[in-house]
Amino acid sequence: MSLEQLIERCKKNDAQAQSQLYKLYASKLFSICLKYSRNYAEAEDNLQDAYITIFKKFDQFKNQGSLEGWMKRITINTALQRYRSAGVFDIINEDQIEDVSVEVDDDNISIDFLLNIIQELPDRYRLVFNLYALDDYSHKEIANLLDISTGTSKSNLARARLILKDKIEQYKARPNSQSL
Amino acid sequence: MSEKKNIDKLFKEQLKDFEVAPPEAVWENIEQELHKDKRKRRVIPIWWRIAGVAAALLLLFTVGNTLFNTNGDNTIEQEVVDTDKSNTNSINDSNDVTNPSDLNTSNNQDKNPIVDNDSSKNEEGINNSSEQLNDNLTTTDDSTTKTNVASSNEDEKKSSSKNSSLIKNKSLKENAVANQNNIKLNTTNKDKTKVSIDNEKNAVVNSSNTPRSNNNIDLNPVKKEKSEIDKLIKKTTSSKETQVTSANNSEKENGTTTIDTSKTKDVFKEENAIEKAIVEAEQNKDEVDETEAPIKRWSIAPNIAPVYFNTLGKGSPIDDQFINNTKEGDINVSYGVKGSYAINKKLKIRAGINKVDLGYTTNNVVAFSRPSSSGSSRQLQNIKLHDTTTTFISANSISYTTGPEILFTKEQGSIDQQLGFIEVPIEVEYNLIDKKIGLNLIGGFSTLFLSNNEIYSVQNNGDRALLGEATNINDMSYSANFGIGVNYNISKQLRFNLEPTFKYQINTFNDTSGDFQPFFIGVYTGLSFKF
């Protein structure tokens, strides 16, 4: 079955096609969910909600652009929606810091570790870092998406980077000290 | 070996091909959720089908009932004509033909009630000739019937003493009486005959018994026949009224109990009684007509109503972020027509079709434009926007301190959702008070077919622009209806209605945010015409 056929059948709520579509993109979308969520369980919920939205609104997919991109956007939006309704982006009185460039040593760092430290970030930092650094959203877009100002977006990104850097350095210091 | 690297780049490269298979349970949950939805959708069509079947049965019943009623009237009228004719015929026959065996025609048998009547009177008139009659009968075929007896009696009488034209007149009058008895099996017989029991039986037995008595005569020897005829004559002479006599004639048991040895009466006197009976019967018939005529079961009522739309819960049909915004239901107009059928004086079933417009405004919404090149889609959950460059967010979620950008471009306004439905209500109306001013309770269901679905952006300066349409409204939905009707009977045909009705919508939205339970209230006013 070609992707076009699969799309057509999904639009008709064909159960078999839906199952196939799920399998096709589940791993990719689940990795997005993991990055945007606090933990594995939340990511599961997120993936579930995202797919339900995808299937329910499948007729809105107009074959413009890639299906994968469309599904990714829905998945990200689903993740953001969760925090939006939870009031994560309510005003926090903190000083906005400058956008800083952070550099770290490029050693063999496991993906699991990177994922872990992303999930450990405070929600508003994690989302901005994900959107900007990993999914190529602009600060303006992020501001719109999260109902925050671009200034806040930039500040949150900078703080995220600093926290991540600290964690990586701590991680590196530990095996080193052990090996000494 | 380690070199300094931009942290963003590090994460991006590392996570580029990062894929994790989700646990099986996720797909199971999704499947369940999708199926649950299907199940939900299936349940309501079943209800709809049941309602459809009920409506069809009702229609069938009412149409059938009216058809049946008119048919009944027709056949009765025809009978009147038939019996009139055939009876005069039969009497003519009997006048012309003197041989009793020839008189045994099917015509006579069919018209036995009338002929029986005749016979009884005739027999009364000629109790002297009973012996001769017996002789006649014993010489006739086995198939000789009571009606034959009657006819022969008549002949005998005519030949001996009576004026035949008088008898003919009499029999014709009796025809009329009998016919009326046929039409309204009650009352007339009752009045006429002092014996109030078995009027219907009388008629029925009359028509059905002739062949039976035939059989009897067939089977029994002449002797028995003779004795039976003796009995018969006795009966006829003794009974006062013709109907009773015929009943007795046809039913042996009855006959034996009511046999009396009273004296014969004058034909003249009896005639008076019959004339009286005819008058009474006619009166009765009129009365019956009067009581049946005014029941008008059908009515049709055009109506118009202001309708107010709102929600019981706190929620938004548009997006999560608007749950806490202030919202207002609009007042719109619904109009249409209803037809109703009165099952009885208390209960009416009614169905109709209405156009309903509903409106709902979400306030404190900030709209701002953003570059169309933007790749992200920050869309409202349940709206398909025509213009995707405008973003709407709830003013409640904007922090005025966080940034100036939004404030520069922001324009606060509202989102106005306009829905139009074709409503098909099926309701039951129960009369509490049925006077000049009446009161009734109304309950039922409506099926709503979506006909209009628009969402407008309304700015504070009054600008109104079509945004798009809602994606979460079902093409077909339902409502449970409760109402109180007040009506004023202007005339027998015309009635003024005022019906405040609450309609709780079911399955209108398939995905709402928060607790959104829509309903609408309409005050339906109109005139109904009975027919």
Side-chain angles (χ1 to χ4, degrees), chain A residues 13 15 18-19 22-23 26-31 33-35 43-44 47-48 51-52 55-57 60 73 77 81 84-85 89-91 93 101-107 109 111 114-115 118 129 131-134 136-138 140-145 147-152 161 164-165 168, chain B residues 1-23 25-27 29-31 33-35 37-38 319-321 323 368 370-371 374-379 381-382 384 391 393-394 397-407 471-472 510-511 513-514:
Chain A
N13 285 326
Q18 285 175 339
S19 165
Y22 171 78
K23 281 177 199 151
S27 302
K28 221 163 246 171
L29 298 187
F30 191 50
S31 69
C33 292
L34 285 169
K35 288 187 288 179
E44 267 182 62
L47 184 69
Q48 192 179 313
Y51 262 110
I52 288 163
F55 288 132
K56 277 186 178 170
K57 300 194 172 181
Q60 287 178 34
R73 274 205 302 281
N77 262 325
Q81 191 67 44
R84 228 182 264 131
S85 31
F89 310 114
D90 288 350
I91 316 146
N93 282 327
S101 168
V102 179
E103 304 211 319
V104 290
D105 287 338
D106 181 22
D107 268 343
I109 305 170
I111 291 175
L114 291 181
L115 185 65
I118 289 175
F129 181 77
L131 289 166
Y132 186 88
L134 305 182
D136 298 321
Y137 282 73
S138 72
K140 190 148 191 176
E141 286 168 336
I142 293 167
N144 284 351
L145 279 170
D147 304 340
I148 57 176
S149 71
T150 50
T152 307
R161 281 174 180 154
L164 291 172
K165 186 186 172 225
I168 291 170
Chain B
M1 276 284 285
S2 71
E3 62 182 61
K4 291 281 179 190
K5 197 171 188 183
N6 183 299
I7 194 165
D8 291 8
K9 221 174 166 187
L10 169 78
F11 273 89
K12 203 172 177 185
E13 277 174 5
Q14 289 283 328
L15 293 171
K16 195 171 64 185
D17 299 319
F18 170 59
E19 281 185 24
V20 183
V26 175
W27 172 242
N29 289 341
I30 292 167
E31 217 175 10
E33 186 76 15
L34 292 172
H35 283 207
D37 217 46
K38 261 181 203 163
D319 199 289
D320 276 346
Q321 57 176 315
I323 290 172
F368 60 88
R370 56 179 179 148
S374 160
S376 72
S377 62
R378 166 77 183 93
Q379 285 183 353
Q381 189 182 332
N382 296 317
K384 194 164 82 190
T391 296
I393 52 176
S394 167
S397 63
I398 292 178
S399 56
Y400 289 93
T401 54
T402 49
E405 287 95 339
I406 285 174
L407 294 176
T471 56
N472 60 339
N510 56 27
D511 184 17
S513 305

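Each chain gets a letter, A, B and so on, in the order the sequences are listed, and its residues count up from 1.
Separating the OG1 atom in B/T471 from the NZ atom in A/K56 is a distance of 11.0 Å, to the nearest 0.5 Å.
Between the side chain of A/S31 and the main chain of B/F18, a donor-acceptor pair closer than 3.5 Å is present.
Nearest heavy-atom pair across B/V26 and A/E44 is CG2-CG, 3.8 Å. Shortest non-hydrogen contact noted between B/V20 and A/L34 is CG2-CD1, 3.7 Å. Taking every heavy atom of both residues into account, B/P22 and A/A26 meet most closely at CG-CB, 3.7 Å. For B/I7 against A/K165, the heavy-atom pair with the smallest separation is CD1-N, 3.6 Å.
The shortest distance between side-chain heavy atoms of B/N29 and A/Y51 does not fall below 4.5 Å. Between B/E31 and A/F55 there is no side-chain heavy-atom pair separated by less than 4.5 Å. In this structure, A/Y132 and B/D8 have side chains that are in contact, with non-hydrogen atoms separated by less than 4.5 Å.
Both the backbone and the side chain of A/L114 come within contact range of chain B, with heavy atoms under 4.5 Å apart. Interface remark: A/S19 contributes backbone and side-chain atoms alike to the contact with chain B (heavy atom separation under 4.5 Å). For A/K23, no part sits under 4.5 Å from any heavy atom of chain B, backbone or side chain. Only the side chain of A/I118 has a heavy atom closer than 4.5 Å to any heavy atom of chain B.
Considering only heavy-atom pairs separated by less than 4.5 Å from chain B, the leading option among A/D136, A/I142, A/L29 is A/D136.
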